[in-house]
Amino acid sequence: MDNNVLEIRNLKKSFDGNGVLDGISLSVREGEVIVVVGPSGCGKSTLLRCVNGLEQPDGGEILLDGQPISAGNLVQVRRQIGMVFQSYDLFPHMDVLENLTLGPVKALKRPKGEAEEEARQALRRVGLEDKLLALPRQLSGGQKQRVALVRAMMMHPRMLLLDEITAALDPEMVREVLNVVLDLARDGMTMLIVTHEMRFAEAVADRVLFLENGTIVEEGKPADFFHHPRTERARQFLDTFEFTAVKKP
Ligand code: ADP
Ligand code: MG
């Protein structure tokens, strides 16, 4: 049997009668990194929001480790799926250490000292060991997003959902954040990533999905998708991008 962490079957979602997701099916294996690309408004965020229950699907099924996600298990599911958005959603009145340890201590009942030690080590890995006691407003956008990634990882999630996490950053900060994601990929983290950074997408993805009008128009290995797209729509889409260099994993 495949080790599917996530399985999406025929997912449908509309808003006020407008179809946004029109039967999306997708499996994500353990350790796999899937990148979703597509034009603005095609339903990428809605797809991710359905996976962690921020939106209620109209049809289809979403399974985490084989268990259908439902209203009854949403709290547990959210704990197992880390999500980072475009805007830094750190708690503004808490320092970095408190932001990182709140979830593990409160929700997972982990000993505070242990969570703090893990937070210290994790911050060191992302180059922020000196920001332990900083407040979010004292950090740059790139630093905040690195903390947000560490915070998601502190919950030891089964997978991460990343929705355009560098879209609000100045260009010089994009790379430092994407490098953290590349490190997570190398460590085997299962991820579903929405990004407009195409070089990064190529470097990090095991598979790329091109979404348009609520359906998966094209799916393939990054080398194929980015260099030999099969559909005219994907070709046109890719033509609109500048490619930002990142380090290769
Ligand atoms: P993407 O992330 O690909 O840019 P979204 O998933 O955010 O696209 O949005 C897909 C479509 O659904 C858009 O037309 C958007 O306006 C619409 N939409 C998203 N969320 C809502 C909502 N809560 N209410 C109404 N329409 C929404
Ligand atoms: Mg979006």
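The residues of the chain are indexed from 1 along the displayed sequence. One-based numbering, in listed order, for ligands and for the atoms of each.
Counting only protein atoms, the N, O or S atoms lying less than 2.8 Å from the Mg ion (ligand 2) are S45 OG, ordered by chain and residue number.
Contact annotation: the side chain of T166 never approaches that of F200 to less than 4.5 Å [non-hydrogen atoms, C-beta and beyond].
With rounding to the nearest 0.5 angstrom, the CG atom of L6 is 9.5 Å from the OG1 atom of T190. Once rounded to the nearest 0.5 Å, the distance linking CD1 of I165 with CE of M83 reads 11.0 Å.
A side-chain donor-acceptor contact under 3.5 Å links Q236 and R233.
Ranking protein heavy atoms by distance to atom 24 (N) of ligand 1, first place goes to F15 CD2, 3.4 Å. Of the protein's heavy atoms, S45 CB, 3.6 Å lies nearest to atom 7 (O) of ligand 1.
Of the candidates D16, N18, T46, T46 brings a heavy atom nearest to atom 6 (O) of ligand 1.
Ligand 1 has no nitrogen or oxygen under 3.5 angstrom from a nitrogen or oxygen of E164.
The existence of a salt bridge linking D65 and R158 is confirmed by a sub-4.0 Å separation between a basic side-chain nitrogen and an acidic carboxylate oxygen.
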Under 3.5 Å, which donor-acceptor pairs do the side chains of residues 222-230 form with other protein atoms, sequence neighbours left out?
| unit_1 | atom_1 | unit_2 | atom_2 | d |
| --- | --- | --- | --- | --- |
| H227 | NE2 | E202 | OE1 | 3.4 |
| H227 | NE2 | E202 | OE2 | 2.7 |
| R230 | NH2 | E219 | O | 3.3 |

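Only side-chain heavy atoms of V20 come within less than 4.0 Å of ligand 1; its backbone N, CA, C and O stay farther off.
Judged purely by atom type and a 3.5 angstrom limit, R9 has no side-chain atom pairing as donor or acceptor with the backbone of L63. Under a 3.5 Å cut-off, the side chain of S25 and the backbone N or O of N10 do form a donor-acceptor pair.
Residue contacts with ligand 1 include G41, since one of its heavy atoms falls under 4.0 Å from the ligand.
For atom 19 (C) of ligand 1, the nearest protein heavy atom is under 4.0 Å away.
Heavy atoms from other residues, nucleotides or ligands lying under 6.0 Å from CD of E172 number more than 12.
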